[in-house]
Every structure is written in structure tokens, then in C-alpha cells.
Enquirer: 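Got a structure here, written out as C-alpha cells. Questions coming.
We're numbering straight along the sequence, starting at 1. Atoms considered below: every heavy atom in the structure, side chains included; atoms not considered: hydrogens, waters and symmetry mates. Every number for a ligand or one of its atoms is a count from 1 in the order of the listing.
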Amino acid sequence: MDFDFTEEQLMIQDVARRIAQEKIAPSAEHHDRTGEFPLENIRTLGENGLMGIEVPTEYGGSGMDPISYVLAMVEIAAADAAHSTIVSVNNSLFCNGILQYGTEAQKQLYVRAIAEGREIGAFALTEPQSGSDATAMRCRAIRQEDGSYIVNGKKSWITSGPVAKYIVLFAQTDPAKGAKGITAFMVDTAKPGFFRGKTEPKLGIRASATCEIELQDYVASPEEVLGKEGEGFKIAMGVLDAGRIGIASQAVGIARAAYEASLSYVKERKAFGAQIGSFQMIQAKIADMKCKLDASLLLTLRAAWKKQQVETKGGRFSTEAAVAKLTSSEAAMWIAHQAVQIHGGMGYSKEMPLERYFRDAKITEIYEGTSEIQRLVIARNETGIR
Ligand code: CAA
């Protein structure tokens, strides 16, 4: 076991840290307050290879490994979680599935534009009446005689939906087959039959745009099917395994920012004639925050390492990804909560970023599979009982 990072991994971490500190952190409060989509910063991240970190260079990416992805995501999330949500969806949910299941033409068309940061991608699985129970989707794609599909249905909570050029979308092609009757499609948002619905007013990650989308007699050509008909659920679940490593990294980044702010504050702030860091009740909080933060980072790196092993040796990394996401998201929520408490009134004030970390941390326990779903995945895989 080697706890050292390679030169390449340190290099991408450095690039991400520089952009995060110079461009993202100074505008984080503005983006949180206004909800404005940070297009300029996303372009900068794309130009520096951070929108396709694991994408091979022949498709416009950086050709780096999953550990590099974790390191970059942590830096971006520590500066602003909303930016890291956009980075994560493009890298994990959009590019991963196309790289694994797409044709050469699909990789050139869809992956390149997103990896270079010229366009934004999205992932549409959730529907108004189906979130955790993803196979209960109603969006329907009916195959025509010429091999094309007519797609009708609504999808909700689509991260980057308001700005996405392309969307990986899942629809039922054979409802009688349940999970095996779902197919993945590449949707071009400029084509007729694609509509955007209401934008979600969110508690946190406010600069990451989220909306409903609707397809009305949208025609998908055979070239726009990702993988084979009926393979959609497997693609969605595999992509979410990778996505969960991204969200775990995001949670680590938010937790680190909240922890570091607390560490400085307990050394500066005085009460009863002493630094508050000298009080045992504060020391206990700092120690517990540090333990949870380190455990989260290490489990997230382990999941990334396992993903890399699986890429060459086969198998799955579902359990490792779920363990990392569950541990890191609950740690981020707890650490952000403690950070607000340590800062007292200032933690509750919008003059400091603690309340933003607290609001942003919450989503990591919800999207890309709630904490309850992560527990279900882990327990099913451990016990073999379904
Ligand atoms: N990789 C590959 N295949 C998988 C898989 C995985 N990780 N997980 C399941 N499958 C396969 C199974 O092997 C099974 O196939 P076989 O019958 O051939 O074995 C098939 O898929 C069906 O699996 P299940 O019976 O386990 O399916 P289920 O209906 O019980 O659901 C679930 C399982 C874990 C609950 C799943 O529905 C799930 O993960 N739900 C949560 C959905 C989710 O994470 N949504 C997030 C939305 S996206 C989002 O938030 C993005 C954003 O905008 C940021």
C-alpha cells in the first residue's frame, strides 16, 4: 500500500487548487447569493482539463486516473460546492457511460465537447414520481419501423438541465421487462420535442442550475441510442457507482473547508480569557471532525483505487463507492453542523461561509442515491440478500 500520490496526480491537484482559490472561491458568495450559473469558471476548468479528467486525450480529456479525479474534486468543492456539482456531473455521470458504452462516433461527438468545457452535459434518470425507485420511471420510448424512437415523458431534478447541450436520458422501451426494459438515449437539447420546465429553487449548491425537462414526440435516431436496447438500467447504475465517488469527493471538500475554518477560528477566538481551542468541549469537536474527515478522504480514495482496478481486472466497485459516499456525506453534514456551532453567531451569519457549507453539505446525503439507498446497496452486497 502506497499513500504517496504520483507526480501527475499532484499536478492536477495543483491546477485544480490554483483555479479553485484564484477564480472560484472569490466568487462563491456571489454565485450562492444570485444563483447565477458560473459559465466563465466552467470554461476555465474545461480549458485546464478538469471537465474530462478521466477522459482519454483522444477525446479531448486529460487521460488521468480516478484518484486524480478525487483530488481535483476535493479542491473545487472546498472552494464552492456548486461548481463541483457541475464538474462532477460532466465528468462522472455524462462522460463515463459514453466512454464505456458509446460508439466511436458518440465519443467524438458528445464526450469531446463536454471534456473540453465547450458544452455542458446532464444525466436524466429521476422523474417526478420516481427517484430512489429508478425502475418505476414512466418516460417511454417507442421504436419505429425505421429504427428510430419516439420519446415522451418528464424528468425532474436535472442538474445542469437549464444549460446542457446534451443529456444522457433513460426511458422505458419495454415496460413489461422492468429493469431490463430501460434504454439509454443521447438527447440533443436543440432538437424539436425537447422542452425545459420549472427551475428548482434550492437550499444549497444554488449556482448549479437544476430544472425539469420534458420530451414530447422527441425523435431519437438509432445513432442516438447509448449501448443496446434494454441495457439502460445497467448503464445508469454503473455510471452512478462512478458518480458516487464524485459526490463523496465533493463532501470531503465541503467538510475540509468547514474544518479548516473551524481550526483557524478556535485559535483566534477568545472567551473566558482564553482561546476557545483550549476548552475540552471544543477540542473534542476538533478531534472528531479530524477523524471523520480523514476517514472520508481515505474511503473515497479507496473507492477510486478500486474503480481503477475494476477498469483493468473487471468486477464492480459498487460497495466501495457506496461506503465512500455514505461516510463522506454524513461526515460533511456533521462537520458543517459542528463548524456552525463552533463559530456561534458568526456561523449563522451570511457574512461567513459556514452557513453555506451547512446548506451545501445536505445535498450530498440526497442526490446520486440517498443515504438510505447507499445503506441498501451496501447491505445487499454484503449479505447477498435482496
Ligand atoms: N452496476 C451494474 N449493474 C447493476 C448495478 C450496478 N451498480 N446495480 C444493479 N445492477 C443490475 C442488477 O445486477 C440487476 O440485473 P440482473 O437482474 O441481471 O442481476 C438490475 O440492475 C436490477 O438491479 P436491482 O434488482 O438491484 O434493482 P432495484 O430496482 O432493486 O434497484 C437500487 C436498485 C439500488 C435501489 C437502484 O434503483 C438505485 O440505485 N436507486 C437510486 C437511484 C439514484 O441514485 N438516483 C440518483 C439520480 S441521478 C442524480 O442525482 C444526478 C444529479 O443530477 C446530480
Enquirer: Numbering the atoms of ligand 1 from 1, which are under 4.0 Å from a heavy atom of K180?
Expert: 15 (O), 16 (P), 17 (O), 18 (O)
Enquirer: Does CZ belonging to R138 count more than 12 external heavy atoms closer than 6.0 Å?
Expert: no
Enquirer: Measuring from atom 42 (C) of ligand 1, which candidate in G178, G243, G232, G131 has the nearest non-hydrogen atom?
Expert: G131
Enquirer: As a test of the contact definition, would atom 6 (C) of ligand 1 count as having a protein heavy-atom neighbour under 4.0 Å?
Expert: yes
Enquirer: Just jot down the ligand 1 atoms closer than 4.0 angstrom to any heavy atom of W157, in number order.
Expert: 53 (O)
Enquirer: Centroid separation under 6.0 Å, is that true for the rings of Y110 and Y166?
Expert: yes
Enquirer: Would you mind listing which atoms of ligand 1 come within a distance below 4.0 Å of any non-hydrogen atom of S318?
Expert: 7 (N)
Enquirer: Indicate whether atom 11 (C) of ligand 1 is within a distance of less than 4.0 angstrom of some protein heavy atom.
Expert: no
Enquirer: With heavy atoms of L93 as the reference, note each atom of ligand 1 found under 4.0 Å away.
Expert: 51 (C)
Enquirer: Can you list the atoms of ligand 1 that are under 4.0 Å from a heavy atom of T135?
Expert: 29 (O)
Enquirer: Around E104, counting heavy atoms of other residues, nucleotides and ligands shown, do more than 12 lie under 6.0 Å from its CD?
Expert: yes
Enquirer: How close do V377 and A322 get, heavy atom to heavy atom, and via which atoms?
Expert: CG1-CB, 4.1 Å
Enquirer: Can you tell me which residue and heavy atom of the protein come closest to atom 36 (C) of ligand 1, and the distance to 0.1 Å?
Expert: M237 SD, 3.6 Å
Enquirer: Under 4.0 Å, heavy-atom basis, I'd like to know which part of S132 is in contact with ligand 1: side chain, backbone, both or neither.
Expert: backbone
Enquirer: Looking at atom 34 (C) of ligand 1, tell me if a protein heavy atom falls under 4.0 Å from it.
Expert: yes
Enquirer: Would you say E212's side chain and I158's backbone share a donor-acceptor pair under 3.5 angstrom?
Expert: no
Enquirer: Heavy atoms of the protein only: does one fall short of 4.0 Å from atom 17 (O) of ligand 1?
Expert: yes
Enquirer: What residue and atom, counting heavy atoms only, is the protein's closest point to atom 53 (O) of ligand 1, and at what distance?
Expert: T159 OG1, 2.7 Å
Enquirer: For K154, does the NZ atom have more than 12 heavy-atom neighbours from other residues, nucleotides or ligands under 6.0 Å away?
Expert: no
Enquirer: Tell me whether G369 has any N or O atom under 3.5 angstrom from an N or O of ligand 1.
Expert: yes
Enquirer: Looking at E260 and R256, is any side-chain nitrogen of the basic one under 4.0 Å from a carboxylate oxygen of the acidic one?
Expert: yes
Enquirer: So, for I245 and A321, which heavy atoms are closest and what is the spacing to 0.1 Å?
Expert: CG1-CB, 4.0 Å
Enquirer: For ligand 1, which atoms, with element, lie under 4.0 Å from some heavy atom of T126?
Expert: 47 (C)
Enquirer: Around Y348, counting heavy atoms of other residues, nucleotides and ligands shown, do more than 12 lie under 6.0 Å from its OH?
Expert: no
Enquirer: Please say whether R380 places an N or O atom under 3.5 Å from an N or O atom belonging to ligand 1.
Expert: yes
Enquirer: Please identify which atoms of ligand 1 are closer than 4.0 Å to at least one heavy atom of V377.
Expert: 34 (C)
Enquirer: Check this for me - ligand 1, D133, N or O atoms closer than 3.5 angstrom, yes or no?
Expert: no
Enquirer: For atom 50 (O) of ligand 1, which protein heavy atom lies nearest, and how many Å away is it?
Expert: E368 N, 2.9 Å
Enquirer: Out of all atoms in ligand 1, which are within 4.0 Å of some heavy atom of L240? Include the element for each.
Expert: 43 (C), 44 (O)
Enquirer: Please work out which of Q374, R244, E231 has its closest non-hydrogen atom nearest to atom 39 (O) of ligand 1.
Expert: R244
Enquirer: Any nitrogen or oxygen of R386, main chain or side chain, under 3.5 Å from a nitrogen or oxygen of ligand 1?
Expert: yes
Enquirer: Tell me whether R143 at atom CZ has more than 12 heavy atoms from other residues, nucleotides or ligands lying less than 6.0 Å away.
Expert: no
Enquirer: At what distance is the nearest protein heavy atom to atom 3 (N) of ligand 1, and which residue and atom is it?
Expert: R316 NH1, 3.5 Å
Enquirer: Can you tell me the protein heavy atom closest to atom 31 (O) of ligand 1 and the distance?
Expert: F233 CZ, 4.0 Å
Enquirer: Identify whether the distance between the nearest side-chain nitrogen and carboxylate oxygen of K165 and E119 falls below 4.0 Å.
Expert: no
Enquirer: Tell me, with the steps shown, if H31 and H83 meet side-chain contact (heavy atoms from CB on, under 4.5 Å).
Expert: CA-CA 9 Å; H31 284 114; H83 280 73; 3.9 Å; yes
Enquirer: Between E229 and K180, is there a salt bridge with N-O shorter than 4.0 Å?
Expert: no
Enquirer: Measuring centre to centre across the rings, with the benzene-like ring taken for any Trp, is F170 within less than 6.0 Å of F233?
Expert: no
